Amino acid sequence: MKRKIVAALAAAAMLCASVVGCVGEKKPSATTDGKSFTYWTVMDASSSKTLESYGDMMYYQELEKRTGVHIDFIHPIQGSTGQEAFIAMLSGVEIPDMIEYNWSGYTGGPQQALDDDVIVALNDYLEEYAPNYYDYMEGEKGKAEGYRYMLEATTDDGRYYGFNVLSIGETKGFMGIYTRADLLEKWGMEIPETIDDWTAVFAKAKAEGFSRPFTSSVHSLSFGNANSHTFNTAYGVGKNFYLEGDKVVFAPFQPGYKEYIAQLADWSSLGYIDSNFITNDSAKIESNMTNGISMTTHGYTGGGIGKILPAAQAIDSTYDLVACPYPVAKKGQIAEFQEVDVAAKPTAIGISTTCGNYEKAIQWCDYVYSDEGVVLQLFGIEGDTFTIEEREDGIHYVYTEKITDLEANGFNSVTDALYHYMLPCNHPGYNQHTDYLNGYYQYERQTEALITWNISAEKAMKHKLPSLGFTVDESREITDISEIAYAELEAGLCDIIVGRKSIDEYDNIIEKAKANGYDRWLEIQQTAYDRFLAKANK
């Protein structure tokens, strides 16, 4: 079979630079009986700590027992990037039967991967061979959600390209600002809501000896990460590209963003913000928070509060953290923006066009979207990794000591334990089950954070751009623009924050960004969103 392979390398701004692969004959799979398939995927970092292959994982071993299908996993060599390994895999003679990949990283996205004959469109197969997945797409479950999974799991021309990661459940936000609860109580201060509240807290912290009251990474304060909302929400603006009605806007072009940057610059001049935020990594932030340098930061419920709280309490038992609501202009308001996820992430299992038995491969993929498959992927095997409890509000799945007793089982965290046995989150299947979240988050402060960081979720969803598809030409144009404009814009805004430039230079920085291609980038985003709307209106 002749095919042209177009692969992609991720650029710094999470966009891709195209790399053209080989043109040549691809060897069809020898698998035709549906009893065995090859499966290419990058191993989850947590799983690779204790397993050499997913073939050693309890989840996949049990899945084989239930489906009668054996999977031979092909994992990239440790240390190579997913993009590099993906290109190498597609350049080979034998293409695996199934490929798990973030298909937005393919130049032209999943639509181009279908056009290049890399993976097969699933439209003619789902209803018959994948009824569970189809139910989320076009059945009753899909209808109940306004078909939002289907809209994001299909290309602009309406083709299904794989089995996606689905964000199912009421909990949408897992990230925000958190601070020292013990100190707020000691100082007689309330949890901050407004910029004035935060200014008062930072001033008190500075007076009490905290050299950098607020510490974070560049993504938390700059524009690049669309989900990393911090103090910008008090000024009625989001991050990166987002929606105002059906119009796509770019945060730094909005009037409120200049006010936000000016506020950060003012705080920085007073020593309230860690001036090293541009180079900080998670280890440095954790160190600042546990060693009395900072009292406030921004991060995840698990990787932030869940790591810093126990580490700090091992030093000081009175240490406590609390999640803070997304900042607003006036007390009592609810922010318009917060971290929320798309409905169907572009990470999906694609069925290779060289696969010898599409139907059986599709049936195998579908199992994880069934009621039994959901439980297996998220909780494992009953009586082994979980038990069932009947409560007044219904049936609940509870992890056993095999997961929760970390010391006895030789794990450093609940994450390590869960990902040794199964793949409960951010992998193709059902994500964010309430019982999984309750089992994953060990501390009351984490479950409180889930409530606090979802107050704005309904409003934020109206501003969230869905998963969009870009053509090959658009992808390449975005890459070219990002290579010229992204770093310069970020550097300019960061220079204002740390005082190397005046806020008076903001407008010039923005005009240069527009001239360097951001105006065109915004047009491309709008064009892609218009295609999405056209599909939704069909």
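Every value quoted in this text rests on a predicted model; they were computed, and no experiment measured them.
In this structure, CD1 on I478 lies 4.5 Å from CZ on F470, to the nearest 0.5 angstrom. Atom NE2 of H463 and atom NE2 of H229 lie 9.5 Å apart (nearest 0.5 Å). Once rounded to the nearest 0.5 Å, the distance linking NZ of K535 with OH of Y147 reads 15.0 Å. In this structure, OG1 in T385 is found 12.5 Å from OH in Y59, a value given to the nearest 0.5 Å. The OG1 atom of T290 sits 7.5 Å away from the CD1 atom of I308 when rounded to the nearest 0.5 Å. With rounding to the nearest 0.5 angstrom, the CG atom of N426 is 8.0 Å from the OG atom of S167.
A distance-only check finds no donor-acceptor pair linking the side chain of Y326 to the backbone of T452 [under 3.5 Å]. Judged by distance alone, with hydrogens and angles left aside, the side-chain atoms of N132 form no donor-acceptor pair with the main-chain N or O of D371 at under 3.5 Å. In this structure a side-chain-to-backbone donor-acceptor pair under 3.5 Å is present from S294 to R212. Distance alone, capped at 3.5 Å, places no donor-acceptor pair between the N291 side chain and the I293 backbone. Under a 3.5 Å cut-off, the side chain of T194 and the backbone N or O of K331 do not form any donor-acceptor pair. Within the 3.5 Å criterion, the main-chain N or O of I305 finds no donor-acceptor partner in the side chain of Y300. No side-chain donor-acceptor contact under 3.5 Å links D495 to the backbone of K501. At least one donor-acceptor pair closer than 3.5 Å links the side chain of Q338 to the backbone N or O of W453. No side-chain donor-acceptor contact under 3.5 Å links H396 to the backbone of D393. The backbone N or O of W521 lies less than 3.5 Å from no partner atom in the side chain of Q525, so there is not a single donor-acceptor pair.
What you find for S216 and T297 is that their closest heavy atoms are CA-OG1, 4.1 Å. For the pair S275 and V498, the tightest heavy-atom approach, listed with the atom from each and the gap, is O-CG1, 4.1 Å. When all heavy atoms of Q442 and V414 are compared, the pair lying nearest together is CD-CG2, 3.4 Å. For the pair I349 and P428, the tightest heavy-atom approach, listed with the atom from each and the gap, is CG1-CG, 3.7 Å.
Within the 4.5 Å cutoff, the side chain of Y443 has heavy atoms near those of the P310 side chain. Looking at N431 and I168, their side chains never come closer than 4.5 Å, going by heavy atoms from C-beta outward. Between Y161 and T154, every side-chain heavy-atom pair lies at or beyond the 4.5 Å cut-off. Under the 4.5 Å side-chain criterion, counting only non-hydrogen atoms from C-beta, M422 is not in contact with L378. Residues S48 and Y419 fail the side-chain proximity criterion, which asks for heavy atoms closer than 4.5 Å.
Salt bridge absent: R148 and E152 never bring a charged side-chain N and a carboxylate O closer than 4.0 Å. Between R445 and E448 there is a salt bridge, since a side-chain N of the basic residue sits under 4.0 Å from a carboxylate O of the acidic one.
Each of F386, Y399, Y397 was scored for a side chain to side chain contact (heavy atoms under 4.5 Å, CB included) with Y436, with one residue passing: Y399.
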**Message:** Checking L243 against K462 for the side chain to side chain contact (heavy atoms under 4.5 Å, CB included) test, could you report, in this order, the C-alpha distance in whole Å, the side-chain angles of both residues, the deciding distance, and whether it holds?
**Reply:** CA-CA 7 Å; L243 290 172; K462 297 177 182 178; over 6 Å; no
**Request:** Could you give me the CA-CA distance, side-chain angles and deciding distance for F241 and Y529, then say whether ring pair (Phe, Tyr, Trp, His ring centres under 6.0 Å) is met?
**Result:** CA-CA 11 Å; F241 295 102; Y529 184 63; over 10 Å; no
**CA sep, side-chain torsions, deciding dist, call: K143, E140, salt bridge (charged side-chain N to carboxylate O under 4.0 Å, His left out)** = CA-CA 5 Å; K143 182 180 179 181; E140 289 303 313; 5.1 Å; no
**Request:** Before giving the answer on ring pair (Phe, Tyr, Trp, His ring centres under 6.0 Å), spell out for Y133 and Y136 the whole-Å C-alpha distance, their side-chain angles and the decisive distance to 0.1 Å.
**Result:** CA-CA 5 Å; Y133 188 71; Y136 283 109; 7.7 Å; no
**Message:** Quick one, T230 with H298, criterion side chain to side chain donor-acceptor pair (under 3.5 Å). Give me CA distance, side-chain angles, the key distance, then yes/no.
**Reply:** CA-CA 7 Å; T230 53; H298 171 267; over 6 Å; no
**Message:** For a salt bridge (charged side-chain N to carboxylate O under 4.0 Å, His left out) check, start with the C-alpha distance between E474 and R531, then their side-chain angles and the critical distance, and finish with the verdict.
**Reply:** CA-CA 13 Å; E474 288 171 344; R531 289 197 298 264; 2.8 Å; yes
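Within a 6.0 Å sphere centred on CD of E185, heavy atoms belonging to other residues, nucleotides or ligands number 12 at most. Within a 6.0 Å sphere centred on CD1 of I395, other residues, nucleotides and ligands contribute 12 heavy atoms or fewer. At most 12 heavy atoms of other shown residues, nucleotides or ligands fall within 6.0 angstrom of atom CD in E190. Residue-environment remark: NZ (K330) stays at or below the threshold of 12 foreign heavy atoms within 6.0 Å.
In this pair, F214 and F231 present their aromatic rings perpendicular. The plane angle is above 60°, beyond the 30 to 60° band. Taking the six-membered ring for Trp and thresholds of 30 and 60 degrees, W198 and F202 have ring planes inclined between 30 and 60 degrees apart. A perpendicular orientation is assigned to the rings of F253 and Y518, their planes being inclined by more than 60° (bins at 30° and 60°).
With 3.5 Å as the limit, one finds a donor-acceptor pair spanning the side chains of N227 and K464. At a cut-off of 3.5 Å, with distance as the only test, a side-chain donor of N102 or S104 sits close to an acceptor on the other residue. Checking S228 against H219 by side-chain atom types alone, no donor-acceptor pair falls below 3.5 Å. When only modelled atom types and interatomic distance are considered, Y440 and T415 share a side-chain donor-acceptor pair under 3.5 Å.
Under the salt bridge (charged side-chain N to carboxylate O under 4.0 Å, His left out) criterion, the residue pairs touching residues 234-262 are K258-D507, with sequence neighbours excluded. Residues in residues 283-309 take part in these salt bridge (charged side-chain N to carboxylate O under 4.0 Å, His left out) pairs, two or more places apart or across chains: E286-K307. Evaluation of the salt bridge (charged side-chain N to carboxylate O under 4.0 Å, His left out) test over residues 164-181, restricted to residues two or more places apart or in two chains, returns R180-D182. Each salt bridge (charged side-chain N to carboxylate O under 4.0 Å, His left out) pair with one or both residues in residues 214-238, not counting sequence neighbours, would appear here, but there are none.
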Under 3.5 Å, which donor-acceptor pairs link side chains of residues 261-274 to any protein atom two or more places apart or in another chain?
residue, atom, partner, partner atom, Å
Q263, OE1, Y235, OH, 3.3
W267, NE1, T199, OG1, 3.0
S268, OG, I497, O, 3.0
S269, OG, D266, O, 2.6
D274, OD1, N276, N, 3.0
D274, OD2, T215, OG1, 2.9
D274, OD2, N280, ND2, 2.7
D274, OD2, N288, ND2, 3.2

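For D504, there are no salt bridge (Lys or Arg N to Asp or Glu O under 4.0 Å) partners at least two apart in sequence or on another chain.
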